[in-house]
Amino acid sequence: MRAVLMGPPGAGKGTQAQVLAKGAGVPQVATGDILRKAREEGTPLGREAQSYMDRGDLVPDAVVIGLIEERLRQEDAAQGFLLDGFPRTVPQAEALGQLLAGLGRPLEDVLLLDVPEEAIVRRLSGRRTCPSCGRPYHVESDPPPADGRCQSCGTELVARPDDRPETVQARLRVYAESTAPLRDYYAAQGLLRSVDGLGPVEEVTARLKAALQG
Ligand code: ADP
Ligand code: AMP
């Protein structure tokens, strides 16, 4: 599997990517998770990314592209990968295309999770996230364990600061302006499959699996 999972914030990319990547035995590469971890550890990358993330803006292309180049050159990505939250701009998609062409391993699939805005707002307002492994929960549809700790790794769950309503609106605008154009970009390459992201998690997973070519 060499695939991109795209869609608006809160569409279910992280939820689905964890299942699909595990099933295919490839790493889930989520730029948001990598940036949050760097922020928590206070590394130079994390400090640079923080103000953009807090405002709901995109971190500059050069920073994220550098991060992905380094990550995809690691050995565990040689047999495939599932990108979650990258690319988010046309320059990022172009850089990815060049990197993969250079490695002789082009993309096989771009899956777009289609979820209407009302559902996105509901999902993000109830999201709880594991800051360690990235596993998302939802206070209603996928409630966290009673002790408030991640079922997979035991870390205390948090509500992401950028899931506040004002920041969610900013992120939706950024998606419409900078990321939605990737639909046409990948459709023109014959790679894009649009998948309905509403309904139970398992049903969405089954639709995504059916849409995968590679
Ligand atoms: P993204 O990675 O696209 O931002 P997440 O996977 O973190 O999205 O999901 C956003 C929120 O929606 C989380 O709280 C998650 O538990 C919830 N969620 C994910 N998929 C579904 C679904 N099919 N139905 C209802 N809620 C969902
Ligand atoms: P996510 O976890 O995918 O919702 O991403 C959280 C935040 O991290 C975004 O709002 C951006 O600030 C930043 N981010 C994640 N991925 C990217 C990317 N590919 N390009 C730029 N910024 C990103």
Side-chain angles (χ1 to χ4, degrees), residues 3-18 27-73 77 81-100 107 110-117 119-121 123-125 127 129 131 134 136 158-189 191-192 194 197:
V4 167
L5 185 55
M6 62 173 285
K13 300 183 295 295
T15 303
Q16 296 296 338
Q18 287 207 338
Q28 169 202 7
V29 178
T31 38
D33 288 349
I34 297 171
L35 292 168
R36 271 186 294 280
K37 195 152 280 175
R39 196 180 53 182
E40 230 175 276
E41 289 167 356
T43 65
L45 168 69
R47 286 200 297 277
E48 183 173 3
Q50 172 139 22
S51 61
Y52 297 100
M53 296 175 82
D54 287 347
R55 288 196 303 272
D57 275 345
L58 294 181
V59 173
D61 284 340
V63 174
V64 193
I65 289 168
L67 188 97
I68 281 289
E69 286 184 347
E70 193 187 314
R71 182 64 188 88
L72 291 185
R73 286 181 196 282
F81 51 81
L82 179 56
L83 291 171
D84 157 8
F86 182 95
R88 261 172 151 105
T89 65
V90 171
Q92 289 182 19
E94 288 169 347
L96 176 67
Q98 279 168 18
L99 171 70
L100 295 178
L107 271 184
V110 178
L111 302 178
L112 171 67
L113 270 176
D114 205 4
V115 176
E117 194 167 316
I120 285 173
V121 171
R123 286 183 183 187
L124 292 182
S125 63
R127 172 159 66 181
T129 305
V158 297
R160 277 171 48 175
D162 60 345
D163 281 346
R164 280 192 293 257
E166 324 80 79
T167 320
V168 166
Q169 289 309 318
R171 288 160 66 206
L172 288 170
R173 277 196 301 277
V174 167
Y175 180 80
E177 279 165 25
S178 303
T179 309
L182 289 180
R183 287 188 299 220
D184 287 346
Y185 178 88
Y186 282 124
Q189 297 182 15
L191 288 172
L192 188 81
S194 204

**Q.** Thr43 OG1 to Glu41 CD distance, which is reported to the nearest 0.5 Å
**A.**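 Spacing of OG1 (Thr43) from CD (Glu41) equals 6.5 Å.
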Q | Distance in Å, Glu166 CD paired with Arg55 CZ, rounded so as to fall on 0.5 Å steps | A |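 If we round to the nearest 0.5 Å, Glu166:CD and Arg55:CZ are 14.5 Å apart.
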Is there side-chain contact between [X] and [Y], with heavy atoms separated by less than 4.5 Å?
X	Y	value
Asp163	Thr167	no
Glu69	Gln98	no
Ile34	Lys37	no
Leu99	Ile65	no
Arg36	Arg39	yes
Leu72	Leu96	yes

Please report the closest heavy-atom contact between [X] and [Y], naming both atoms and the distance.
X	Y	value
Glu40	Pro131	OE1-CB, 3.4 Å
Leu172	Pro9	CD2-CG, 4.1 Å
Ala93	Pro87	N-CB, 3.5 Å
Pro91	Asp61	CB-OD2, 3.5 Å
Val90	Pro181	CG2-CB, 4.4 Å
Gly134	Asp33	CA-OD2, 3.9 Å

Q: Check the pair Gln16 / Gln28 against side-chain contact (heavy atoms from CB on, under 4.5 Å), numbers first and verdict last.
A: CA-CA 10 Å; Gln16 296 296 338; Gln28 169 202 7; over 6 Å; no
Q: Can you spot which of Val4, Leu82, Leu5 makes a side-chain contact (heavy atoms from CB on, under 4.5 Å) with Lys13?
A: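 When Val4, Leu82, Leu5 are each tested with Lys13, the side-chain contact (heavy atoms from CB on, under 4.5 Å) holds only for Leu5.
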Q: Take Val110 and Leu182 through the test side-chain contact (heavy atoms from CB on, under 4.5 Å) and record every step on the way to the result.
A: CA-CA 10 Å; Val110 178; Leu182 289 180; over 6 Å; no
I'd like to know if the side chain of [X] reaches the main chain of [Y], judged simply by a donor and an acceptor atom lying under 3.5 Å from each other, with no hydrogens or angles considered.
X	Y	answer
Thr31	Gly85	yes
Ser125	Val121	yes
Arg71	Val29	no

**Q.** Evaluation steps, side-chain contact (heavy atoms from CB on, under 4.5 Å), between Leu107 and Tyr186
**A.** CA-CA 10 Å; Leu107 271 184; Tyr186 282 124; 3.9 Å; yes
Q) Centre of Phe86's six-membered ring, under 6.0 Å away, within 45 degrees of the axis: is that where NZ or CZ of Arg88 sits? A)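 Pair Arg88/Phe86 does not count as cation-pi.
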Q. Does a salt bridge link Arg164 with Asp54, judged by any charged N lying under 4.0 Å from a carboxylate O?
A.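 Between Asp54 and Arg164 there is no salt bridge, as every charged N stays at least 4.0 Å from the carboxylate O atoms.
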